[in-house]
Number of protein chains: 2
Amino acid sequence: MAGQVQRQTGVALWRQIADRIRQAISAGAYDETGMVPPETVLALQFGVNRHTVRSAIAALAQEGIVRAVQGRGTLIERKERLNFPITKRTRFTAGIGEQAREMRGLLLSYSEEKADADVARGLQIRPGEPVIRMETVRKADGRPVSCATAWFPAGRFGGMPDAYQRTESITKAFAELGLSDYVRATTEITAVHADEADTAALDLAPGAILLITKAVNTDLEGVPVQYAISRFAADRVQFTIEN
Amino acid sequence: MAGQVQRQTGVALWRQIADRIRQAISAGAYDETGMVPPETVLALQFGVNRHTVRSAIAALAQEGIVRAVQGRGTLIERKERLNFPITKRTRFTAGIGEQAREMRGLLLSYSEEKADADVARGLQIRPGEPVIRMETVRKADGRPVSCATAWFPAGRFGGMPDAYQRTESITKAFAELGLSDYVRATTEITAVHADEADTAALDLAPGAILLITKAVNTDLEGVPVQYAISRFAADRVQFTIEN
DNA sequence: TATGGTTGTCTATATCAATAGACATTTAAG
DNA sequence: CTTAAATGTCTATTGATATAGACAACCATA
């Protein structure tokens with residue numbers, strides 16, 4: 001698990017090391033002891049000064065992943081990476097349901113607006129037609145996992161914001177509005193560094209990585225009902241595509 | 001396209017700005033002029049000093065994405081993001097084929113080894129059974145797109161390294177070894193920061209993001225034939241999942 | 001050829017990142 | 001109680017990062 005860190009890359013050593021330790025924790029590298037190796041050992045492993053390792057651990061402590069105890073060592077507090085299956089019938093709440101006790105979708109804001117070119121293409125409507133836009137955050141056991149911007153055709157799903165706020169689930173909200181089933185037509189996946197807004201919304205470590213999906217959901221006749229751009233904290237989730 | 005950069009995050013401003021500009025280029029933001037906006041404009045947009053923007057542009061020039069010309073401006077040299085469809089019949093070479101002139105898969109190294117727990121689970125064999133491991137790099141028009149570690153059951157596909165080296169394609173190599181068709185059973189997708197080895201192998205900007213896939217391919221009877229971990233340069237590709 | 005807009009270079013300064021060493025404090029174990 | 005091992009704190013120094021300002025060099029064009 002060594003593999004040296006890189007200098008003069010615009011990414012501080014302490015951040016690289018924090019990322020590596022976070023990943024090692026979620027991969028179960030320290031499961032036997034439940035603790036991160038001593039600072040002096042890590043410093044030797046990564047080839048850096050002990051103070052640099054301390055900066056990395058401080059960042060992880062800030063995230064709530066580890067807790068340093070004087071005299072004992074650095075304890076692992078949280079070890080997580082939710083699996084998020086992407087299938088024809090992708091259901092966020094259901095898919096994650098077995099891995100977390102409580103799943104909630106929170107509506108941050110919504111508005112009615114006119115579809116721009118991207119949204120119109122996704123929903124297969126004409127640019128300028130009215131759509132409902134919703135900004136949401138989804139949480140597993142109180143911890144933010146992703147935030148999303150979703151668009152719906154305004155005529156058919158004008159009641160979406162209200163239904164979503166009540167049910168805290170897209171699937172249930174669709175059901176309330178008379179759409180009992182829907183399928184995922186396409187999903188695009190990319191990855192970028194988180195910007196300020198998403199860092200705040202997802203309670204992320206600054207400079208963290210986002211996995212981004214652009215998805216179109218359709219009803220059973222193939223008519224688009226939702227176009228959504230979701231931004232996932234990359235260190236908290238993984239996607240699984242089953243065929 | 002504004003959205004401010006973040007300070008004191010362990011990620012240097014010039015690197016954040018370079019990432020943003022690179023992404024804007026690949027999204028086609030500057031297609032009309034074929035040029036990046038003037039340094040003074042970018043500095044104002046991002047709320048930083050002009051010298052900081054210059055550091056970012058210098059990094060992009062180093063990557064060969066832009067070329068600054070005194071008196072004229074900064075020209076866009078290369079504009080890239082390959083789309084990589086992930087389907088039941090995922091074929092790297094074929095999928096990318098239409099987007100690049102030349103696709104090549106290069107064998108870096110290979111060895112015969114005993115399957116560890118992960119590999120055994122992927123290939124549905126017993127840990128300790130012999131497998132062939134191959135380290136490969138895949139290039140589109142000479143530019144590295146991904147590197148991968150792949151395992152094959154040694155008994156059935158002992159000739160894999162040789163066949164791959166000759167055909168530069170997994171699909172063709174399988175065909176030579178008597179497997180005319182195969183399907184993708186599962187794919188896991190995650191994202192991390194690139195480590196030193198992958199930075200070198202993929203000719204990446206240091207600190208770049210990797211999209212990682214873990215995939216199991218099976219023959220038409222559902223018997224696993226390949227377990228592969230691929231690491232893609234996140235700023236050069238996107239995945240598309242079609243259903 | 002004159003001008004405005006652009007990139008290139010230089011100096012100076014402040015802050016962050018990283019190293020180095022010394023020592024204090026706490027915990028667990030002998 | 002003593003000791004070893006671990007984290008916590010402090011000072012000092014160096015190099016990378018970022019800001020600020022001034023001016024040179026170059027290009028296109030009016």
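Computed over heavy atoms, backbone and side chain alike; hydrogens, waters and symmetry mates excluded. Sequence lines set the chain letters: A, B, ... in the order given, protein chains first and strands last, and positions in each chain run from 1.
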**Request:** Nearest whole angstrom, please: distance from the P of D:dA20 to the CG of B:Leu44.
**Result:** 12 Å
**Prompt:** When the distance from CH2 of B:Trp14 to C1' of D:dT19 is rounded to whole Å, what number comes out?
**Reply:** 17 Å
**Message:** On DNA chain C, does the nearest nucleotide to A:Val53 precede the nearest nucleotide to B:Val69 from the 5' side, or the other way round? Give the residue.
**Reply:** B:Val69
**Prompt:** Where do A:Ala233 and A:Leu202 come nearest, in terms of heavy atoms and distance?
**Reply:** N-CD1, 4.2 Å
**Prompt:** To the nearest angstrom, how far is A:Phe46 atom CZ from C:dA17 atom P?
**Reply:** 18 Å
**Given D:dT7, C:dA17, C:dG8, the nucleotide with the shortest approach to the side chain of B:Arg54** = C:dG8
**Message:** Whether B:Glu63 and B:Arg22 form a salt bridge (side-chain N of Lys/Arg under 4.0 Å from carboxylate O of Asp/Glu) is what I want to check.
**Reply:** yes
**Item:** Backbone of A:His51 reached by a side-chain donor or acceptor of A:Glu39 within 3.5 Å
**Value:** no
**Asked** How long is the line joining CD of A:Glu39 and C1' of C:dT26, in whole Å?
**Response** 13 Å
**Message:** Whole angstroms only, please: what is the CZ-P distance between A:Arg67 and D:dA6?
**Reply:** 18 Å
**Prompt:** Can you check whether A:Arg126's main-chain N or O pairs, donor with acceptor, with A:Arg121's side chain at less than 3.5 Å?
**Reply:** no
**Request:** Considering just the side-chain nitrogens and oxygens of A:Arg72, establish if one lies under 4.0 Å of OP1 or OP2 belonging to C:dA28.
**Result:** yes
**Request:** Say whether, by atom type as modelled, one donor and one acceptor occur between the side chain of A:Thr213 and the main chain of A:Ala215 under 3.5 angstrom.
**Result:** no
**OP1 or OP2 of D:dT7 under 4.0 Å from side-chain N/O of A:Thr74** = yes
**Request:** State whether B:Thr52 places a side-chain N or O below 4.0 Å from either non-bridging phosphate oxygen (OP1 or OP2) of D:dT19.
**Result:** yes
**Interatomic distance, B:Asn49 CG vs C:dT13 P [rounded to whole Å]** = 16 Å
**Prompt:** Would you say the side chain of A:Arg50 and the base of D:dG8 hold a donor-acceptor pair, judged only by whether the two atoms sit under 3.5 Å apart?
**Reply:** yes
**Request:** Find the bend of the helix from C:dT1-D:dA30 to C:dG30-D:dC1 as the angle between its two terminal axes (five pairs each), to the nearest 10°.
**Result:** 20°
**Asked** A:Phe232 and A:Phe239: aromatic ring centres closer than 6.0 Å?
**Response** yes
**Request:** Check whether the side chain of A:Gln70 and the base of C:dT25 form a donor-acceptor pair under 3.5 Å.
**Result:** yes
**Asked** Could you state the CG-C1' distance from B:Leu75 to C:dT6, rounded to the nearest angstrom?
**Response** 12 Å
**Request:** Salt-bridge test for B:Glu129 and B:Lys114: reply yes if a basic N is under 4.0 Å from a carboxylate O, no otherwise.
**Result:** no
**Residue mapping more 5' on DNA chain C - nearest nucleotide basis, A:His51 or A:Leu13** = A:Leu13
